[in-house]
Every structure is written in structure tokens, then in C-alpha cells.
Number of protein chains: 2
Amino acid sequence: MDHQHRGIEEILRTALDASGQRFTEQRAAVFRFLRGTSSHPTADEVFLHVRSDVPGISLATVYKSLETLVGCGLASKLTYGDGSARYDGRTDDHHHVRCLGCGHVLDLVDHVDAGEVDRLQSSAQGFRVTGYRLELTGFCPTCDPEVAAAPA
Amino acid sequence: MDHQHRGIEEILRTALDASGQRFTEQRAAVFRFLRGTSSHPTADEVFLHVRSDVPGISLATVYKSLETLVGCGLASKLTYGDGSARYDGRTDDHHHVRCLGCGHVLDLVDHVDAGEVDRLQSSAQGFRVTGYRLELTGFCPTCDPEVAAAPA
DNA sequence: ATCCTTGCAAAGCATTTGCAGTCAC
DNA sequence: GTGACTGCAAATGCTTTGCAAGGAT
């Protein structure tokens with residue numbers, strides 16, 4: 001675990017160095033939390049959890065740290081229609097399912113076939129496509145109205 | 001054109017009726033504008049354009065109308081990280097490319113292969129998947145930094 | 001006549017910003 | 001020591017809401 005932490009810290013230091021930014025305990029705590037969860041937390045949720053590591057941290061600093069991580073490529077920002085953004089500490093190519101009831105987000109293990117993406121971008125006239133995002137929507141077992149209506 | 005307008009108005013009346021809501025000139029103007037553009041406007045852009053049809057309309061009413069249309073299934077709301085939502089008057093299954101420079105959104109003509117979606121949702125343990133959303137991101141010719149850097 | 005909608009202004013909420021003190025380098 | 005980072009509070013920007021007047025059925 002201590003070993004793990006050193007590894008993670010090193011990743012962060014390297015990425016910050018590369019973009020001329022400094023290592024701070026606040027950024028480390030945010031990064032550690034993001035790496036250790038698959039709950040795709042909002043900035044506020046990150047703030048709440050990180051307070052136990054860094055008692056005096058402010059919400060503004062959490063926002064700034066998250067933005068820094070996104071800028072370094074160590075996290076990504078997910079935007080849905082429900083008001084607040086969510087952050088994801090996974091940097092590999094993957095996608096999500098989101099529950100329309102409770103808003104929870106789950107990772108998918110597969111990704112879209114590359115040929116499929118190529119085919120789709122052929123209609124993006126003149127664009128240089130650099131990425132894509134796929135999101136499935138639906139209902140988790142707890143929130144499914146059909147299950148609730150007819151609990152067979 | 002007048003014929004077109006009557007057709008569109010009829011669609012709106014029917015959808016509103018079905019959900020127990022009233023037909024108003026404001027809702028009609030918003031709907032007409034959304035149907036007639038493929039620019040995926042923000043609420044504010046809708047407001048600006050619709051003012052020429054309905055001079056006294058307020059931004060709040062535009063927001064309410066857009067939400068009404070979405071509720072009736074006559075439009076959909078696109079949410080990106082850049083602050084404000086965009087609205088789309090197309091109701092058929094389709095996807096988008098978004099320019100990371102200027103934020104413009106273009107429609108794609110193809111959609112993802114159904115089998116591909118089936119395959120992906122197999123890892124969404126317990127979820128009942130009801131829909132999906134795909135968005136390509138990249139740069140339009142005007143905003144492409146590579147083109148700007150090296151205009152070969 | 002009923003009660004849904006509008007328009008206005010004020011409120012709400014997530015996020016950003018200005019700035020003085022503090023800390024990493 | 002220098003310049004970047006933090007924390008606080010105030011500001012911003014999009015969106016929503018409360019309410020009285022107006023309009024659709």
C-alpha cells in the first residue's frame with residue numbers, strides 16, 4: 001500500500017513536471033482518491049472524501065486540482081445533463097453506462113470496434129477526429145421502473 | 001412553406017395534446033426554429049432567433065419551451081462540458097461530431113451497428129439499457145491547430 | 001370560467017476568479 | 001528568494017422559480 005502510494009505519487013510528479021507545475025499534497029490527495037475509486041465522483045464528492053486526508057482543503061482547490069489532472073491527462077471529465085460534472089481517474093480507452101434513475105455510472109469492459117469509428121467519421125466532412133465518447137443509458141436493477149411496477 | 005408550417009404546427013399540437021399541455025405561439029416559434037436548423041443552438045441562440053417571430057418572448061420562456069419539447073419527445077438536449085446545453089430538433093437516431101475549438105456540432109449520417117451496441121451492453125451487469133449516445137470530437141478545418149501551425 | 005403559460009425579476013447552483021498569505025522548488 | 005498554489009469570499013454564467021397578468025380551451 002505504501003508501495004502503491006509511492007508509485008502513484010511518482011506518476012503524478014512526472015506528469016506535473018512535464019507541464020511545469022508543482023507537486024502539492026492537495027493534488028496528490030485528489031489524484032489518489034480518483035485512482036482508488038470507480039464511482040466517477042462529482043467535484044463535491046471528491047471534496048468530501050479528500051477532507052479526511054487534507055483537513056483544510058477547500059472546494060475551490062479541489063476544482064483547480066481536478067482541472068490540473070485533466071490537463072495532464074491523468075483524469076477525464078464526464079459531463080451529463082444533471083448539473084454537475086463527474087471525474088474519472090481511468091485514462092485508458094473505455095466507456096460508461098449511466099443509470100437514468102440514480103445517476104450512477106458504471107464502466108464498460110469493451111470498447112467500440114475501431115473500424116466502426118472509422119466508418120462513422122467518414123461523414124464528418126473536413127473534421128480531423130481526435131477522439132470519441134460513447135455512453136449507454138438505462139436503469140440499474142434498483143431504479144428500474146419496470147421491475148418496480150411488476151416485480152415478477 | 002405555409003403548407004410546411006401547418007404540418008409542423010400539427011405535429012406540435014398533437015404532441016402537446018397527448019401530454020395535456022397547451023399550444024402557444026412561443027412554443028410554436030421555438031419548435032419551428034429548432035426544426036429548421038441543424039446548428040444545435042444553445043437556449044440563448046434560440047432566444048435571439050425567435051425574437052424576430054415573437055418580439056416579446058423572454059429567455060425564461062425559451063427555456064421552458066425547450067424543456068416542454070424535450071418532454072414531448074420533439075427535441076433532445078445535448079450536454080457538453082462547455083457551460084451551456086444545446087438543443088437538437090431531430091428526433092431520429094443519429095450522432096454528432098463536435099469541434100473542440102469553436103464548439104460547433106455536426107450531424108453524422110451513419111449510426112453505430114446494432115450488434116456493436118449489444119456486445120457492449122453485455123458488460124453492463126444488471127442494467128436494462130434503453131439508449132446510447134455517441135459523440136466524436138475533433139477539429140473543424142477552421143479551428144484545426146495543426147492546419148494553423150503548418151499550412152502546407 | 002378555469003387553470004396553464006408568460007414575462008419579469010429574483011433566486012439557485014456549479015464553477016471560476018481575485019487576491020493575500022503560504023509553500024514547493 | 002521567486003513564482004506557483006492555496007483558501008477564502010465574492011463573482012460569474014447558465015438555468016430555474018415565484019408570482020401576477022394574460023391567454024388557450
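Proteins get letters first, then strands, A, B, ... in listed order; numbering begins at 1 in each.
- Among the nucleotides C/dG7, D/dT15, C/dT5, the one closest to the side chain of B/T24 is C/dT5.
- Along DNA chain D, the nucleotide closest to B/A60 and the one closest to B/G83 are compared, and the more 5′ of them pairs with B/G83.
- In this structure, the nucleotide among D/dA9, D/dT2, C/dT6 sitting nearest to the side chain of B/T61 is C/dT6.
- Nucleic acid contact for A/S84: sugar-phosphate only, since backbone atoms but no base atoms lie under 4.0 Å from a heavy atom of the residue.
- Across the protein-nucleic acid pair, A/Y63 atom OH and D/dT12 atom C1' stand 13 Å apart, rounded to whole Å.
- Separating the CG atom of A/L59 from the P atom of D/dG7 is a distance of 11 Å, rounded to the nearest angstrom.
- Following rounding to the nearest Å, B/F23 (CZ) and C/dC3 (P) show an atom-to-atom distance of 23 Å.
- Between the CG atom of A/L16 and the C1' atom of C/dC25 there is a distance of 13 Å, given to the nearest Å.
- Within the nucleic acid shown, A/G20 has no heavy atom closer than 4.0 Å to any nucleic acid atom.
- Side-chain proximity of A/Q21 to the nucleotides C/dC25, D/dC5, D/dT17 is greatest for D/dC5.
- Residue A/A43 has its side chain nearest to C/dT15 when only C/dT6, C/dT15, C/dA9 are considered.
- Taking the side chain as every heavy atom from C-beta outward, B/H96 and B/D88 approach each other to under 4.5 Å.
- Between A/H95 and A/D107, the side chains place no donor N or O within less than 3.5 Å of an acceptor N or O (distance only, hydrogens not considered).
- What separates CZ of B/R22 from P of C/dT2 is a distance of 12 Å, to the nearest Å.
- Between the CD1 atom of A/I57 and the P atom of D/dG7 there is a distance of 6 Å, given to the nearest Å.
- Between D/dC14 and B/T42, no contact under 4.0 Å exists linking OP1 or OP2 to a side-chain N or O.
- One interatomic measurement links the two molecules: CD of B/E67 to P of C/dT5, which rounds to 14 Å at whole-angstrom precision.
- With hydrogens and angles left out, the side chain of A/R27 and the base of D/dC5 share no donor-acceptor pair within 3.5 Å.
- Between the CZ atom of B/R86 and the C1' atom of D/dT15 there is a distance of 16 Å, given to the nearest Å.
- When only modelled atom types and interatomic distance are considered, A/T61 and A/S58 share a side-chain donor-acceptor pair under 3.5 Å.
- A/I11 has its side chain within reach of A/L74: a pair of non-hydrogen atoms, C-beta onward, lies under 4.5 Å apart.
- Between B/E9 and B/F31, the closest side-chain pair of non-hydrogen atoms is not below 4.5 Å.
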